[in-house]
Amino acid sequence: MKRIKIKELLSSKDFGASVKAEGWVRTKRGNKSINFIALNDGSTINNIQVVVDVANFDENILKDITTGSCVSVIGKLTESQGQGQSVEIQAEKIKLYGTADAETYPLQKKGHTLEFLREIAHLRPRTNTFGAVLRIRHAMAFAIHKYFNDRGFFYLHTPIITGSDCEGAGAMFRVSTLDPKNPPLNEDGAIDYSLDFFGKETSLTVSGQLEGELGAMALGEVYTFGPTFRAENSNTPRHLAEFWMIEPEVAFNDIHDNMDLAEDFLQSLVKYALENCKDDLEFLQKMYDAELIERLKFVVENKFVRLPYTEAIDILMKSEQKFEFPVSWGVDLQSEHERFLVEKHFKKPVILTDYPKDIKAFYMKQNEDGKTVRAMDVLFPRIGEIIGGSQREENYEKLIARIREMHIPEKDIWWYLETRKYGTAPHSGFGLGFERLILFVTGMLNIRDVIPFPRTPKSADF
RNA sequence: UCCUCCUUAGCUCAGUUGGUUAGAGCACAUGACUGUUAAUCAUGGGGUCCCAGGUUCAAGUCCUGGAGGGGGAGCCA
């Protein structure tokens, strides 16, 4: 007999039919003659109620059906006699796949703190919260591929192992097969990476952008969606050492096209969540964040503010707000400044553009004022920077001048420079932090709770 | 990495100016109950007070160092 997913059973009207459901027991309650089992198989946040007439079953099997155990149930699908659910299964056969010793199984029917659940990341997917988060995470990943596919973008697989250390986004993890206890040394005592696996020093990527640009210069519109690694000692609720990033790169787009894309992209994704993850969002709203759905709708329905850096500095300097870090033209904005703009001044998402060139990366297109570059950061309420991007410098002379100014090793990116030498074109792109998007959509507050197995400093279990 | 707070039962926490045998709720076990809804009621078992030193007649409580975790900051997505 074929199993039917609980999501399907709950919306079925096929009363009287014999059905099979399989899943994990959330709770069992009842008395000497009748038991009720709340069964969940992950297909939905909702459980199906299995009604057990105790007289028809071996007492020892029923005793072992505890929270966390796994069972297969065959029975009649019926309209529920009780309140609280419309459909239930009158059990006829129960097979116990796996017990879960009630004395030691760490998940209880009562709520747990998110901190405790992080310590049992191997079991936390079985909770309502993580079930909801992981289903939403999947839906967002799918929506991202769908968004780009619908618009003619190509999914480009950029390398995870990279030989250039000038991707410009922070400290990197080394990739090596050399014996760490006894590495080959060259004449001046340094490690001789010419004898390493790739014949040079290599690391895990911090960004697929540079390769993304190579793809855009051939396919026109591409995006990457892959893991990204940063060896920064960041201990915050917004940073991971291993996270997923989406990086579209589009030939012929200028900074304004880039902003249009970023805004439409984010709004489409949030809209997809509202339309396809209703049950899970309602659960998260009830348990964690009373304004969640309202906030998601607000982002979909309102245009983002677009504001040059220079005007943002003006607003901050004229505001009555006291800041811990003083504001002046040329400084990078602190979290408190970004939060003031997004959460107090405009009360909506803000795209900041045209930052001073000295606080931004070498590849960003230089403006004619000689002072700023065509950068854009999308700032969201609660989570800050969700997207960072720019129009790219396509002029070979300007780009090479900037690279030399910033002492970036040219020999490692000769191939990147050749895109400007042969058939260069204006182009733009950005990076979206996938987990930051999931933070926003789920209303969770710590990024470690929106990825199944988080990697952070001092933490790589599971 | 810096600032700050926290670490007591399986979980969430209380524990007074340092003082007898460290408590509660939930969970768990046993019993009661013929439709429960995080079922309810009764009874019961359960402790390396994060670790290592120190002060003291006496330390869960005070001091020093360390580890782990939360929040804020920086780095960024």
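Sequence lines set the chain letters: A, B, ... in the order given, protein chains first and strands last, and positions in each chain run from 1.
For a distance-only test at 3.5 Å, the side chain of A/R238 fails to qualify as a donor-acceptor partner of the base of B/A77. Taking 3.5 Å as the limit, the base of B/U36 and the side chain of A/Q83 contain no donor-acceptor pair of atoms between them.
Between A/R436 and B/C76, a side-chain N or O to OP1/OP2 separation shorter than 4.0 Å is absent. Between A/N233 and B/U1 there is a side-chain N or O to OP1 or OP2 distance below 4.0 Å. Applying the 4.0 Å criterion to OP1 and OP2 of B/G71, one finds that A/N446 has a side-chain N or O inside that range. In this structure, A/R448 does not reach the B/G69 phosphate: none of its side-chain N or O atoms is under 4.0 Å from OP1 or OP2. Within the structure, a side-chain polar atom (N or O) of A/R339 is placed less than 4.0 Å from OP1 or OP2 of B/A73. Between A/K32 and B/A32 there is a side-chain N or O to OP1 or OP2 distance below 4.0 Å.
When the nearest nucleotides of RNA chain B are assigned to A/G433 and A/P457 by heavy-atom distance, the more 5′-ward of the two goes with A/P457. When each of A/Q334 and A/K458 is assigned the nucleotide of RNA chain B with its nearest heavy atom, A/K458 is the one assigned upstream, toward the 5' end.
Because its NZ or CZ atom is not both nearer than 6.0 Å to the ring centre of A/F116 and within 45° of the ring axis, A/R118 does not count as a cation-pi partner of that residue.
Between the side chains of A/W329 and A/T310, at least one donor-acceptor pair of N or O atoms lies under 3.5 Å. Side-chain atoms of A/S43 and A/E8 include no donor-acceptor pair closer than 3.5 Å. Under 3.5 Å, the side chains of A/Q209 and A/Y363 contain a donor-acceptor pair of N or O atoms. For the residue pair A/H427 and A/E213, a side-chain donor N or O sits within less than 3.5 Å of a side-chain acceptor on the partner.
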Could you walk me through whether A/K278 and A/E282 pass the salt bridge (charged side-chain N to carboxylate O under 4.0 Å, His left out) test, one step at a time? CA-CA 6 Å; A/K278 197 161 173 289; A/E282 281 171 358; 3.1 Å; yes
Go through it in stages, so that I can follow the logic: the residues are A/E336 and A/R339, the test is salt bridge (charged side-chain N to carboxylate O under 4.0 Å, His left out), and I'd like the CA-CA distance, side-chain angles, deciding distance and then a yes or no. CA-CA 5 Å; A/E336 56 172 344; A/R339 271 205 309 276; over 6 Å; no
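Here A/L240 lies in heavy-atom contact (under 4.0 Å) with a base. Heavy atoms of A/S335 sit under 4.0 angstrom from primed sugar atoms or phosphate atoms, though from no base atom. Using a 4.0 Å heavy-atom criterion, one finds that A/G431 contacts the sugar-phosphate atoms exclusively. No contact: A/Q209 has no heavy atom under 4.0 Å from any strand. In this structure, A/R26 reaches neither bases nor backbone, as no heavy-atom distance under 4.0 Å exists between it and the strands shown. Residue A/S234 is in base contact, counting any heavy-atom pair closer than 4.0 Å across all strands shown. In this structure, A/I387 reaches the sugar-phosphate backbone alone: every heavy-atom distance under 4.0 Å involves primed, P, OP1 or OP2 atoms, never a base. Residue-level contact check: A/Q85 touches the bases, meaning some heavy atom is under 4.0 Å from a base atom. Among the heavy atoms of the strands, none lies under 4.0 Å from A/K28.
An aromatic stacking contact between A/F36 and the base of B/G35 is absent, as defined here by ring centres under 5.5 Å apart and ring planes under 30° from parallel.
Remark: A/Y105 engages A/T67, A/A100, A/L107, A/L123, A/R126 in a side-chain contact (heavy atoms from CB on, under 4.5 Å) (not counting sequence neighbours).
Within the 3.5 Å criterion, the main-chain N or O of A/F225 finds a donor-acceptor partner in the side chain of A/Y155. The backbone N or O of A/G330 lies less than 3.5 Å from a partner atom in the side chain of A/Y309, making a donor-acceptor pair.
Of the P atoms belonging to B/C33 and B/C50, the separation is 44 Å, rounded to the nearest Å. Rounded to whole Å, the C1' atom of B/G65 lies 26 Å from the corresponding atom of B/C57. Comparing B/U43 with B/U8, their P atoms sit 28 Å apart, to the nearest whole Å. On the C1' atoms, B/A14 is 7 Å away from B/G23, given to the nearest whole Å. The same atom, P, is picked in B/C63 and in B/C6; the two are 12 Å apart, to the nearest Å. A distance of about 13 Å separates the C1' atoms of B/G19 and B/G60, rounded to the whole Å. Separation of the C1' atoms belonging to B/C49 and B/U61 is 10 Å when rounded to the nearest angstrom. Nucleotides B/C2 and B/A58, compared at atom C1', are 39 Å apart to the nearest Å.
In the set B/C28, B/U1, B/U36, the nucleotide with an atom closest to the side chain of A/K109 is B/C28. When distances are taken from the side chain of A/A102 to each of B/A29, B/C76, B/U30, the shortest belongs to B/A29. Residue A/R118 has its side chain nearest to B/G69 when only B/G69, B/G74, B/U36 are considered. Between B/U34, B/A29, B/G35, one nucleotide has an atom nearer to the side chain of A/Q81 than all others, and that is B/G35. Among B/A77, B/U34, B/A38, the nucleotide with an atom closest to any side-chain atom of A/F243 is B/A77.
Protein atom CZ of A/F325 is 11 Å distant from nucleotide atom C1' of B/C3, rounded to whole Å. Counting to the nearest Å, the P atom of B/A77 and the CD atom of A/E242 are 17 Å from each other. Between A/L123 atom CG and B/A27 atom P the separation is 19 Å, expressed in whole Å. Taking atom CD1 of A/I447 as the reference point, atom C1' of B/C76 lies 10 Å away to the nearest angstrom. To the nearest angstrom, P of B/C2 lies 17 Å from CD of A/E324. As a whole-Å value, the separation of A/L439 CG from B/A77 C1' is 11 Å. Going from atom CD1 of A/I451 over to atom P of B/A77 covers 17 Å, rounded to whole Å. Rounding to whole angstrom units, CG of residue A/N35 and P of B/A32 are separated by 14 Å.
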RNA chain B in dot-bracket, Watson-Crick or G-U pairs under 3.5 Å, [ ] crossing, | other strand? (((((((..((((.....[...)))).(((((.......))))).....(((((..]....))))))))))))....
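Here the two rings, on A/Y147 and A/F153, have centers that are 6.0 Å apart or farther.
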Where protein sits on nucleotides 4-12 of chain B, one letter per nucleotide: B base, S sugar-phosphate only, - none, heavy atoms under 4.0 Å: ------BSS
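The distance from atom CG of A/N40 to atom CD1 of A/I48, rounded to the nearest 0.5 Å, is 10.5 Å. Note: A/I65 CD1 to A/N35 CG = 8.0 Å, rounded to the nearest 0.5 Å.
A salt bridge is absent between A/R374 and A/D254; no separation between the charged side-chain nitrogens and carboxylate oxygens falls under 4.0 Å.
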